[in-house]
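Data first, discussion second: the structure below is written as structure tokens.
Everything numeric here is computed off the predicted structure, so don't read it as measured data. All values below come from the heavy atoms of this structure, side chains included, with hydrogens, waters and symmetry mates left out. Chain A is the first sequence line, chain B the second, and so forth, proteins listed ahead of strands; every chain is numbered from 1.
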Amino acid sequence: MARAVHKMTRDNSKERYNFRETETKWQRAWEEGACFAVDDVATGPKFYVLEMFPYPSGRIHMGHVRNYTLGDVVARFKRAQGFSVLHPMGWDAFGMPAENAAIENKVPPGQWTRQNIESMREQLKAMGLSYDWSREIATCDPGYYRFEQKMFLDFLEGGIAYRKESTVNWDPVDQTVLANEQVVDGCGWRSGAPVERRKLAQWFLRITDFADDLLESLESLKAWPDQVRLMQEKWIGRSEGAHVLFAIEGRDDRLKVFTTRPDTLFGASFCAMAPDHPLAAELAANDKQLSEFIEKCQAMGTSEAVIETAEKEGYDTGIKIVHPFVEGKTLPLYVANFVLMEYGSGAIFGCPAHDQRDLEFARKYNLPVIPVVSPDGKPFEVEDTAAAGDGVLMESDFLNGLKKDDAIAAATKRLSEAGQGEAITLYRLRDWGVSRQRYWGCPIPVIHCETCGIVPVPESDLPVTLPEDVSFDQPGNPLEHHPNWKDVDCPTCGKPARRETDTFDTFFESSWYFARFCSPHAQTAFDAKAAQYWMPVDQYIGGIEHAVLHLLYSRFFTRALLKCGYGGVKEPFTGLLTQGMVCHETYRDEAGDWLFPDEVRHQDGGALVKTSDGSPVTAGRVEKMSKSRKNVVDPAAIIEEYGADTARLFMLSDSPPERDLEWSDTGVEGVWRYLNKLWRMMTEPPLPLAAGDAESPGDFSGTALETRRLTHKTIAAVTADLEGFRFNRAVARIRELTNHLFALETGGEAGSDAASLGWVLREGYEAVARLLAPMTPHLAEELWALLGHGESLVAGPWPEADSGLIVDEEVTVAVQVNGKLRATIQLPRDTDQEAAESAALELPEVSRVLGDKPVRRVIVVANRIINVVA
RNA sequence: GCCCGCUUGGCGGAACUGGUAGACGCAACGGACUUAAAAUCCGUUUUCCGUAAGGAAGUGGGGGUUCGAGUCCCUCAGCGGGCACCA
């Protein structure tokens with residue numbers, strides 16, 4: 001209710017900044033002037049700014065607003081600095097939500113997606129973002145995905161793509177593969193049926209062939225957050241270790257096991273293999289209990305989080321494994337639910353004394369715990385915690401007395417001499433499975449022929465277009481049910497064959513879109529010259545949730561394309577900024593149901609009530625905005641009520657970009673008030689501004705000089721802050737300058753004449769307008785025009801600070817006694833040690849605290865601090 | 001479970017490579033203007049003791065290094081992100 005009143009005041013008052021008119025006016029001017037369009041090959045220094053393109057869900061959310069505001073500030077800042085700036089936008093348009101919408105609302109995915117794109121484009125345009133819209137792409141357009149079908153054919157030919165079996169979550173009722181997020185407590189989210197594991201033949205890309213390069217090149221990505229590089233490093237997970245080939249009692253074949261700790265072989269007390277290990281399957285054929293156990297494991301789902309958090313369980317197969325070094329010693333062989341078939345060879349040996357997981361398993365099944373690596377060289381017992389660290393070998397025959405690393409080398413050497421193993425480098429990283437049993441994705445361009453096997457679609461037949469006349473009336477993949485889409489003649493033998501009905505993982509599309517943006521209308525995936533000019537992306541901006549998968553896949557894809565002769569670069573993203581999430585308080589009513597923020601009213605006294613009926617509301621934690629918790633604020637409503645500049649500036653003001661940001665209505669109000677204050681200030685200056693072309697008065701003193709100093713310090717600081725993405729600090733600095741300029745109006749002009757003040761005030765105003773231009777572009781243009789300028793601010797130039805004005809002659813130095821602040825002292829800049837020391841010792845505050853204690857030492861840090869140690 | 005982060009006033013945050021903790025903003029409180037309200041303007045605002053001058057404590061808890069620690073090290077706790085078919 002209160003809100004409605006505000007709105008009226010804002011709209012009707014003549015003294016208020018009319019953002020609606022202004023924002024529309026400038027957006028039109030930029031569009032008409034094609035201010036943000038660039039050529040595929042431009043001239044001069046370039047800067048490529050890219051924000052992660054959105055999935056077209058229908059409406060933009062605050063995460064988008066934050067992401068695209070950050071990118072736009074960088075783009076506008078660089079443009080003002082004279083760079084040719086490529087700043088494109090498009091749509092990551094394939095994906096499951098379109099299929100879900102089709103099932104729930106009976107809308108065809110294509111139609112749904114294209115409508116969403118239309119409305120989201122309008123919303124983005126209302127934000128005043130400086131995109132070159134002529135480069136817009138949508139990945140569901142055959143004109144886009146035809147090139148990735150070609151890439152896949154090239155990958156096949158280059159040996160980068162191959163086919164193998166892997167396991168998926170299968171919903172037996174819906175007859176569909178489930179994403180891990182669609183598996184809730186082991187059951188399908190829609191059907192509620194227990195999920196099964198199924199093996200399917202699928203396409204994979206050999207990302208592991210590039211593992212070393214992807215790992216080593218991380219070091220060159222200096223402008224990436226350390227955190228992200230570390231996460232990728234751990235994800236690739238290079239580990240040096242050994243394969244051990246254990247003999248199996250009563251069998252001719254051997255059990256292959258990977259270990260990073262061959263030194264602990266003498267402490268081994270069991271072996272374990274994955275439930276889907278071929279040997280397990282073989283044994284299960286004659287062991288009903290084992291096959292039941294395996295079935296139980298397979299009901300578990302495929303995600304690592306589920307497997308790792310499940311209680312460790314195993315089944316003793318009764319098979320004995322022969323210890324390679326100890327004559328006559330055997331180890332029991334288990335099938336265990338925590339051993340992954342995808343990693344190493346799908347089997348391990350367990351050394352409970354030195355591995356926590358093995359220890360828990362051993363305790364559960366009463367297996368021996370034999371310590372063989374002693375941290376201090378003395379014999380010891382293991383209780384609840386395994387000794388995973390360094391130490392000296394004991395109870396280990398030929399390894400006794402060796403340090404861990406030497407023992408690893410010695411054990412590996414012995415194994416390899418005996419033909420029982422070898423040193424090996426293993427990666428945690430697995431090959432990228434790109435097949436999806438889904439409709440709304442890019443068709444995989446292969447044909448299955450009974451005679452010829454798998455036949456790639458001839459290049460001349462590309463694109464394989466996704467049909468849109470499909471129905472979601474029955475469970476399963478609509479492509480399978482389509483009357484004739486999959487029927488095709490084999491390109492090799494001409495007999496009837498069928499198309500592959502799987503589509504690509506949507507990470508496929510997002511692994512090269514940044515290259516397409518360089519020449520979005522080219523008749524190849526991308527024009528080599530355009531890519532040469534624009535790539536790599538200088539600054540990529542997006543959510544931290546993409547720290548591993550999307551970013552790693554893109555790095556791999558770029559290398560794979562390079563290998564297949566596409567040209568381009570090796571590393572796609574030079575700089576990376578990972579933004580935090582946008583959060584909001586959560587609300588529940590008396591019944592415990594979630595409420596939207598605009599269903600809740602703050603009463604006087606702080607109590608929260610439901611707007612509709614006044615019933616009490618409880619506020620919950622501040623969490624990431626999500627539809628399920630209803631703690632969302634619609635950006636469109638904010639832009640409608642306060643304008644784009646307010647929304648943008650709020651996004652930049654409070655939190656540094658990489659941290660989470662809490663949305664607050666009062667914060668938005670504060671920004672809105674600030675923008676109005678600026679507008680009023682410049683509409684009616686307190687004293688006559690100097691003319692736009694007035695000569696500098698030359699001499700400045702008093703307030704005028706002080707103001708000039710602040711203006712130039714602000715220019716220098718804001719420039720540095722924008723370079724370092726410290727947007728919140730940049731905003732604070734500009735506000736400080738604004739506060740100072742505002743105070744000039746209301747008095748305090750001592751020591752300065754009106755003429756020089758008028759000149760200085762204009763200098764300050766112009767600095768504020770230009771510094772704000774990347775952040776609140778509409779208002780900045782308006783202010784610039786108010787100050788009498790005809791040209792737009794888009795092309796810059798960026799203001800430059802006068803170096804003579806940013807260093808003070810006098811500095812405030814803190815004086816401490818024994819590390820405690822006792823006084824401050826004004827000293828000329830760069831006062832020498834002795835002078836500073838004696839000045840500090842003369843201070844009454846210092847002598848009072850010192851009393852008659854002798855001074856032992858004085859530490860002087862020039863221009864900063866003097867610490868008297870007594 | 002594994003990997004990666006984060007934790008500073010009532011709140012969001014600032015503090016460059018170890019050097020005056022709390023910039024800037026929000027909220028709150030007091031005042032001006034107004035018949036009144038809104039808007040705007042001025043002021044106060046880390047906590048505790050004190051009329052004041054001033055003093056003490058203080059950056060999630062505990063310990064350490066240092067003349068000096070929000071910042072570095074160890075440890076514990078809480079919260080969040082990722083975990084390969086969400087994007």
Side-chain angles (χ1 to χ4, degrees), chain A residues 5-6 9-10 13 15-16 52 54-55 57 92 94-97 168-169 177-183 225-228 230-231 233-235 237 302-310 312 338 342 356-357 360 428-438 505-507 510 543-550 552-553 578 580-581 583 621 623-624 653-656 658-662 664-671 673-674 676-677 680 720 724 726 728-729 731-736 739 746 812-816 818-821 823-824 856-859 861 864-870:
Chain A
V5 175
H6 288 187
T9 341
R10 266 200 288 281
S13 165
E15 295 163 18
R16 289 242 165 173
M52 291 179 183
Y55 178 80
S57 55
D92 189 11
F94 277 136
M96 284 207 307
V168 295
N169 299 310
V177 175
L178 295 175
N180 286 327
E181 72 155 11
Q182 297 174 321
V183 179
D226 291 342
Q227 179 200 158
V228 173
L230 194 58
M231 283 166 85
E233 187 186 318
K234 300 280 184 186
W235 186 265
T302 57
S303 89
E304 198 180 306
V306 168
I307 293 167
E308 293 275 323
T309 45
K312 313 283 171 277
F338 61 86
E342 284 84 10
Q356 192 61 34
R357 203 165 50 177
E360 280 159 32
R428 205 187 77 94
L429 179 69
R430 308 199 293 258
D431 275 341
W432 175 15
V434 293
S435 298
R436 294 292 180 271
Q437 295 69 40
R438 314 226 173 263
D505 178 4
T506 55
F507 276 126
S510 56
I544 183 71
E545 66 272 17
H546 292 293
V548 177
L549 291 181
H550 162 59
L552 192 62
Y553 288 151
T578 51
M581 297 173 305
C583 301
R621 294 194 328 201
E623 292 185 66
K624 176 187 178 171
S653 296
D654 266 7
S655 302
E658 55 284 344
R659 267 216 243 169
D660 287 353
L661 174 141
E662 190 187 334
S664 93
D665 291 340
T666 50
V668 175
E669 290 276 354
V671 169
R673 281 199 300 266
Y674 172 65
N676 270 287
K677 181 170 169 170
R680 273 197 315 272
R726 294 179 294 267
N728 54 329
R729 238 171 49 166
V731 174
R733 290 249 149 81
I734 297 171
R735 290 186 82 134
E736 272 178 301
N739 289 346
T746 51
T812 309
V813 174
V815 180
Q816 298 180 336
N818 290 333
K820 266 195 184 183
L821 182 74
T824 57
R856 288 193 298 161
R857 221 177 130 187
V858 180
I859 286 143
V861 180
R864 280 192 180 280
I865 201 164
I866 300 163
N867 189 10
V868 181
V869 185

- Query: Between B:rC29 and B:rU47, how far is it from one P atom to the other, in whole Å?
  - Reply: 15 Å
- Distance col, row A:Ile859:CD1 vs A:Ile865:CD1, nearest 0.5 angstrom, shows 9.5 Å
- Item | Base partner of B:rA28, which must satisfy Watson-Crick or wobble distances under 3.5 Å | B:rU44
- Query: Should B:rG22 form a Watson-Crick or G-U wobble pair with both distances under 3.5 Å, which nucleotide is its partner?
  - Reply: none
- Identify whether any heavy atom of A:Thr309 sits under 4.0 Å from a base atom; if not, whether one sits that close to sugar-phosphate; answer base, sugar-phosphate or nothing. base
- Charged N to carboxylate O under 4.0 angstrom, A:Arg726 versus A:Glu658? no
- Got a donor-acceptor pair under 3.5 Å from the side chain of A:Arg856 to the base of B:rC67? no
- Query: Less than 3.5 Å between a donor and an acceptor, one on the side chain of A:Gln437 and one on the base of B:rC85, is that the case here?
  - Reply: yes
- Query: With the threshold set at 4.0 Å, does a side-chain nitrogen-carboxylate oxygen contact exist between A:Glu304 and A:Arg428?
  - Reply: yes
- With the side chain of A:Ile859 defined as its heavy atoms from C-beta on, choose the nearest nucleotide among B:rU20, B:rC67, B:rC3. B:rC67
- Message: Which nucleotide wins on minimum distance to the side chain of A:Asn728, given the candidates B:rA84, B:rA87, B:rA14?
- Response: B:rA14
- Which part of the nucleic acid does A:Trp432 contact within heavy-atom distance under 4.0 Å: base, sugar-phosphate only, or nothing? nothing
- Query: For the residue pair A:Asp505 and A:Gly433, what are the closest heavy atoms and their distance?
  - Reply: OD2-O, 4.2 Å
- Message: Need to verify one output field. Residue with the more 5' nearest nucleotide on RNA chain B, A:Gly433 or A:Arg357?
- Response: A:Arg357
- Between B:rG13, B:rG81, B:rU40, which nucleotide has the shortest distance from any of its atoms to the side chain of A:Pro656? B:rG13
- Quick one: classify the glycosidic conformation of B:rG9 as syn or anti, with syn meaning within 90° of 0. syn
